[in-house]
There are 2 protein chains.
Amino acid sequence: MRATEMTPNDKTNDSTEQKIFDAAHELFVQKGLDGAKMQEIADRAGINKALLHYYYRTKDKLYEMVAKSIIHQGIPIIQKTIESDLPLEEKIIKFVDFYIDLIRRNPFIPLFIISEMNKHPEQFIEKILPARLPRPEIFLKQVEDAVAAGTIRPVNPQHLLLNIISLCVFPFVARPIMQMVLGMQKTEADQFLKQRKTEVTEFIFAALRPR
Amino acid sequence: MRATEMTPNDKTNDSTEQKIFDAAHELFVQKGLDGAKMQEIADRAGINKALLHYYYRTKDKLYEMVAKSIIHQGIPIIQKTIESDLPLEEKIIKFVDFYIDLIRRNPFIPLFIISEMNKHPEQFIEKILPARLPRPEIFLKQVEDAVAAGTIRPVNPQHLLLNIISLCVFPFVARPIMQMVLGMQKTEADQFLKQRKTEVTEFIFAALRPR
DNA sequence: GTCTATAACTCGATAGAC
DNA sequence: GTCTATCGAGTTATAGAC
């Protein structure tokens with residue numbers, strides 16, 4: 001009953017423990033802690049309900065592991081980019097590029113994080129979030145400097161960061177509504193979201209162009 | 001047991017029925033259909049669990065009423081603005097203004113809609129969404145015309161609409177994460193979000209300025 | 001390690017007194 | 001209309017055989 005002993009090659013490990021974890025990952029992301037049922041997780045993993053408890057003891061513990069892995073997966077790449085010492089323009093391009101790629105590969109993760117954090121804030125902050133989150137100070141300073149140097153239009157650095165993230169993340173989070181309002185089918189929406197990278201980058205740079 | 005007979009002056013009606021509705025509203029918005037419990041709703045309303053069923057028969061029916069009222073509350077104002085024949089510039093200003101006001105008054109609503117729509121899509125589309133959603137065609141056409149006339153930079157109209165909505169909505173949806181990453185306290189975050197209206201408007205117009 | 005069976009519990013819903 | 005008491009379905013969790 002060692003849930004903590006992760007084998008090195010996570011990806012192609014089809015041990016029972018891993019199968020359970022993968023099934024749980026899928027269902028928790030889709031339905032949240034309350035919506036996902038242990039029976040369904042067991043079914044999807046192709047094993048018996050009792051085994052879930054054998055490997056992970058409780059639903060909460062299983063959830064905790066899944067949520068942690070989700071959070072810890074995306075953070076380093078964001079962190080590396082935002083905290084790097086690349087020049088501002090390059091940094092923005094890279095950030096948008098990596099971030100949208102990351103979300104396209106895991107489109108349900110942002111909504112999972114946001115809504116679970118709203119529903120179970122204590123649990124999330126205490127048990128799941130890492131000690132060290134990406135620190136935006138370097139980026140904010142770079143923006144200030146660029147404003148002072150006149151290479152970009154005067155903007156509040158924090159609002160700018162928030163704008164960039166909003167433009168990257170929100171369309172994926174609100175995808176079902178977007179499809180309805182813009183009258184898109186699934187494939188059209190896929191196509192449309194694929195264009196976001198260039199569209200967002202252009203939009204941001206246009207907004208930063210000094211007068 | 002008439003849940004449909006809403007008294008005209010909804011707001012200052014502290015009938016039992018209304019108290020239940022308000023408590024349910026608060027909890028469903030916060031925790032969603034699965035997370036909210038009837039016992040908790042009863043407690044918050046200061047009445048007994050049995051009364052919930054007396055007035056609203058089932059949890060699903062109660063949820064349906066709450067969700068409908070939420071959806072139907074915001075739509076007309078969005079619709080009026082986006083479908084109006086105001087000139088493009090004014091329309092964008094008004095849209096951002098109304099939209100951010102609406103969300104500031106009901107900061108949990110967008111996340112509620114998005115996540116419930118993801119978790120219970122059939123129920124939401126069939127029972128809760130109104131027959132007629134806001135139609136963006138007029139707006140999209142206006143953008144095309146403005147691009148053709150050279151009054152704004154060439155942009156894809158659909159992406160522009162999505163950008164505007166993203167900039168308005170996302171910061172409120174992701175507020176807890178924003179607070180953590182930017183290291184803000186509640187009051188600071190309030191203050192910061194208050195600035196979004198002008199910040200977003202400026203950002204959009206800067207991005208649309210023709211070269 | 002994996003399964004069947006079942007205990008223990010949560011929660012939505014109902015019965016019935018007042 | 002409102003309450004107490006309780007039922008019954010669905011879920012998490014455990015016991016125990018293999």
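Protein chains get the first letters and strands the later ones, always in sequence-line order, with residue 1 at the start of each. Only heavy atoms go into these numbers, but all of them, side chains included; no hydrogens, no water, no symmetry mates.
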Q. How would you list all residue pairs meeting salt bridge (charged side-chain N to carboxylate O under 4.0 Å, His left out) that involve residues 118-142 of chain B, not counting sequence neighbours?
A. B:E83-B:R132, B:R135-B:E137, B:K141-B:D145
Q: Provide, to the nearest angstrom, the distance between the CD1 atom belonging to B:I20 and the C1' atom belonging to D:dT2.
A: 10 Å
**Q.** Gap between atoms OH and C1', on A:Y56 and C:dT2 respectively (whole Å)
**A.** 16 Å
**Q.** ring pair (Phe, Tyr, Trp, His ring centres under 6.0 Å) contacts in which one or both residues fall within residues 110-134 of chain B, not counting sequence neighbours
**A.** none
Q: Round to the nearest Å and state the distance from B:L51 atom CG to D:dT2 atom P.
A: 5 Å
Q: Please name all residues satisfying ring-ring contact (aromatic ring centres under 6.0 Å, His included) with A:F98, sequence neighbours left out, ordered by chain then number.
A: none
(Q) Distance check needed: C:dG12 P versus B:K61 NZ, whole Å only. (A) 16 Å
Q. To the nearest angstrom, how far is A:I47 atom CD1 from C:dT4 atom P?
A. 11 Å
Q: Just grab all the salt bridge (charged side-chain N to carboxylate O under 4.0 Å, His left out) pairs involving residues 63-77 of chain A, residues at least two apart or on different chains.
A: A:E64-A:K68
Q. For nucleotides 11-18 of chain D, read 5' to 3', which letter fits each nucleotide if B means a protein heavy atom sits under 4.0 Å from the base, S means only the sugar-phosphate is that close, and - means neither?
A. SBBB----
Q: Would you please name every residue forming a ring-ring contact (aromatic ring centres under 6.0 Å, His included) with A:F139, sequence neighbours left out?
A: none
Q) Does B:E17 offer a backbone N or O that forms a donor-acceptor pair with the side chain of B:Y56 under 3.5 Å? A) yes
